Number of protein chains: 2
Amino acid sequence: MADQRLYHKVANQILELIDSGVFPPGSRLPGERDLAEKFGVSRVSVREAEIALQAQGRLEIKVGSGAYVLDGSDMPLNGLPKVGPFELTEARALFEAESAALAAPIITDETIAELENYIAIMSGKVESELSPDEADAAFHNTIARSTNNHAIMFVIDSMWKMRTEAAQLQRVYKNVCDKDSSHREDEHQAILNALINRDSSAARRAMRAHFTRMIEALLEASEEEAYQEVKRKASESRSRFLLTKQLS
Amino acid sequence: MADQRLYHKVANQILELIDSGVFPPGSRLPGERDLAEKFGVSRVSVREAEIALQAQGRLEIKVGSGAYVLDGSDMPLNGLPKVGPFELTEARALFEAESAALAAPIITDETIAELENYIAIMSGKVESELSPDEADAAFHNTIARSTNNHAIMFVIDSMWKMRTEAAQLQRVYKNVCDKDSSHREDEHQAILNALINRDSSAARRAMRAHFTRMIEALLEASEEEAYQEVKRKASESRSRFLLTKQLS
DNA sequence: ATTCTTAATTGACTATACCAATTTAGCAAG
DNA sequence: CTTGCTAAATTGGTATAGTCAATTAAGAAT
């Protein structure tokens with residue numbers, strides 16, 4: 001532990017100050033010169049520490065202004081895998097179902113009201129600064145959050161970010177996402193109803209059904225438009241997913 | 001684009017050299033002094049560039065040796081949340097169970113042989129360059145890999161990395177992990193048997209049981225040693241986990 | 001109160017120097 | 001010829017000190 005570089009130690013000290021609330025997200029860090037004196041190190045080490053933190057998406061350094069603490073929500077999260085739409089949807093079907101099942105028994109009325117709001121936004125019945133897509137993200141993330149389990153929140157959030165990247169790259173996925181707005185509302189409502197009833201098992205089923213239909217839609221889309229890659233992956237996995245579906 | 005920092009430009013130049021194959025993964029970069037001269041910048045700028053790339057997991061800098069290009073496979077993945085041992089185990093119970101259930105119908109005999117080998121390594125019956133802990137990681141990662149789903153592989157791998165970080169920080173977790181070696185072998189064998197039978201449902205159950213016992217062990221440990229934080233989180237979530245367990 | 005100018009602050013970059021870890025070269029012993 | 005050790009060269013790590021440019025804050029002029 002003693003063989004780590006100085007700038008690494010400094011970075012950790014800064015991180016502690018951030019996490020302990022001394023420097024909340026959005027706030028500005030003291031200047032490099034101040035921090036150098038405070039930590040008893042050279043300015044170079046502070047600089048290197050801040051550069052490393054910036055590379056990790058924890059800070060944003062503005063020339064002539066200062067280093068600002070970034071909110072954890074917009075952390076880019078390095079190293080997400082490139083993942084095809086089918087396998088991603090499959091993974092979400094499994095994991096988000098468990099997320100919903102775990103959330104069901106302990107979800108609060110406030111959170112349920114929040115979810116209702118997101119559904120309204122998605123259907124366009126309520127105007128908001130959130131886009132329908134962002135409301136969709138918020139819907140799933142909020143369920144994950146109500147599990148009170150940070151690992152689950154991380155996983156659900158990561159998969160949404162993969163979806164965003166995948167949607168940028170692949171037309172099929174985007175088309176399907178756009179086209180399924182009609183089904184989406186009903187399915188989200190079904191999930192919500194299960195949560196309102198605090199029915200863990202129903203929540204799992206509803207969430208699985210939500211993504212299962214998305215997979216079907218992807219399959220159709222991949223047949224219409226000859227996206228070989230998607231088609232191959234889809235047919236290869238179809239049987240086993242439909243198999244495991246029955247086992248829940 | 002012209003207002004980016006120098007070290008950022010240098011980092012991009014280095015990245016280009018890496019991606020173009022001039023410096024393949026595993027190779028060593030020229031020294032900071034050489035690169036500084038080559039790029040026509042100061043050594044500090046090269047240093048800052050390499051530190052940023054290291055923070056992004058593209059390089060590994062070894063003191064007195066040099067900066068080495070990292071393979072994409074062992075990128076450390078930044079931005080992992082700090083997660084308590086209980087919630088992490090809970091998440092793994094849910095997600096790894098689904099991973100195993102999905103893998104069961106399509107796992108190959110080769111992969112099963114691989115898993116057998118990892119179990120043998122963990123029990124010490126076979127000597128290997130892998131530590132028991134690394135074999136444990138390989139066991140779970142291999143199951144995830146056999147799902148053929150990159151999103152699932154990512155999630156399982158991420159959670160193992162969280163575990164590693166958590167174990168460094170929290171004694172309880174580490175103690176439990178060390179003590180459960182005895183149960184571990186039987187449970188892993190049970191999982192493997194389910195996979196051999198291609199029994200999706202049994203694989204799910206076995207995997208859940210594996211982590212459920214770990215949670216019980218954590219609960220005991222947190223009572224013995226008065227780790228308030230763990231204790232609180234555990235008791236708060238215990239009921240709902242045991243609840244959802246029955247619903248599978 | 002508003003705008004403009006100016007001074008102070010802050011990050012960006014360079015140059016130089018020294019230290020410690022690592023590697024390499026060379027030499028000695030077997 | 002191989003092995004093992006030592007010393008020198010290489011390499012990253014840190015510090016100090018200074019210059020420059022972007023930004024901000026303070027003050028003056030309107």
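A, B, ... follow the sequence lines: proteins, then strands. Residue 1 opens every chain. Remember, it's a predicted structure, so these values are computed and weren't measured experimentally.
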(message) Please determine whether a side-chain nitrogen or oxygen atom of A/S42 lies at a distance below 4.0 Å from atom OP1 or OP2 of D/dA15.
(response) yes

(request) Take atom CZ of A/R47 and atom P of C/dT14, then tell me their distance rounded to the nearest Å. (result) 10 Å

(request) Choose from C/dT10, D/dT11, C/dT14 the nucleotide whose nearest atom is closest to any side-chain atom of B/V41. (result) C/dT14

(message) Just the rounded figure in Å: distance from C1' of D/dT14 to CD of B/E48.
(response) 13 Å

(message) Do the side chains of B/E185 and B/K125 get close enough for a salt bridge, i.e. N-O under 4.0 angstrom?
(response) yes

(request) Please report, rounded to the nearest Å, how far the P atom of C/dA12 is from the CZ atom of A/R33. (result) 11 Å

(message) So for atom CD, which belongs to B/E37, do other residues, nucleotides or ligands contribute more than 12 heavy atoms lying within a distance under 6.0 Å?
(response) no

(request) Decide, yes or no, whether a salt bridge links A/D34 with A/K38 under the criterion of side-chain N to carboxylate O below 4.0 Å. (result) no

(request) May I ask you to verify whether the side chain of A/R43 and the base of C/dA12 hold a donor-acceptor pair under 3.5 Å? (result) yes

(request) Specify the separation, in whole Å, of atom CG of B/L29 and atom P of D/dT10. (result) 18 Å

(message) Can you tell me how the ring of B/H210 sits relative to the ring of B/H140, calling it parallel under 30°, perpendicular over 60° and tilted otherwise?
(response) parallel

(request) Calculate the interatomic distance between B/H8 atom NE2 and C/dC13 atom C1'; express it in whole Å. (result) 16 Å

(message) If the threshold is 4.0 Å, N to carboxylate O, is there a salt bridge linking B/E114 and B/R145?
(response) yes

(request) Ignoring backbone atoms, test whether B/S45 places a side-chain nitrogen or oxygen under 4.0 Å from the OP1 or OP2 oxygen of C/dT14. (result) yes

(request) Tell me which of A/G40 and B/G66 sits closer to the 5' end of DNA chain D, going by the nucleotide each one is nearest to. (result) B/G66

(message) What contact category does B/V44 fall into here, base, sugar-phosphate, or nothing, at under 4.0 angstrom with non-hydrogen atoms?
(response) base

(message) In whole Å, I'd like the distance from the CD atom of B/E32 to the P atom of C/dA17.
(response) 18 Å

(message) Distance check needed: C/dA21 P versus A/L6 CG, whole Å only.
(response) 13 Å

(request) Starting at atom CZ of A/R5, determine the distance to atom C1' of C/dT22, rounded to an integer number of angstrom. (result) 12 Å

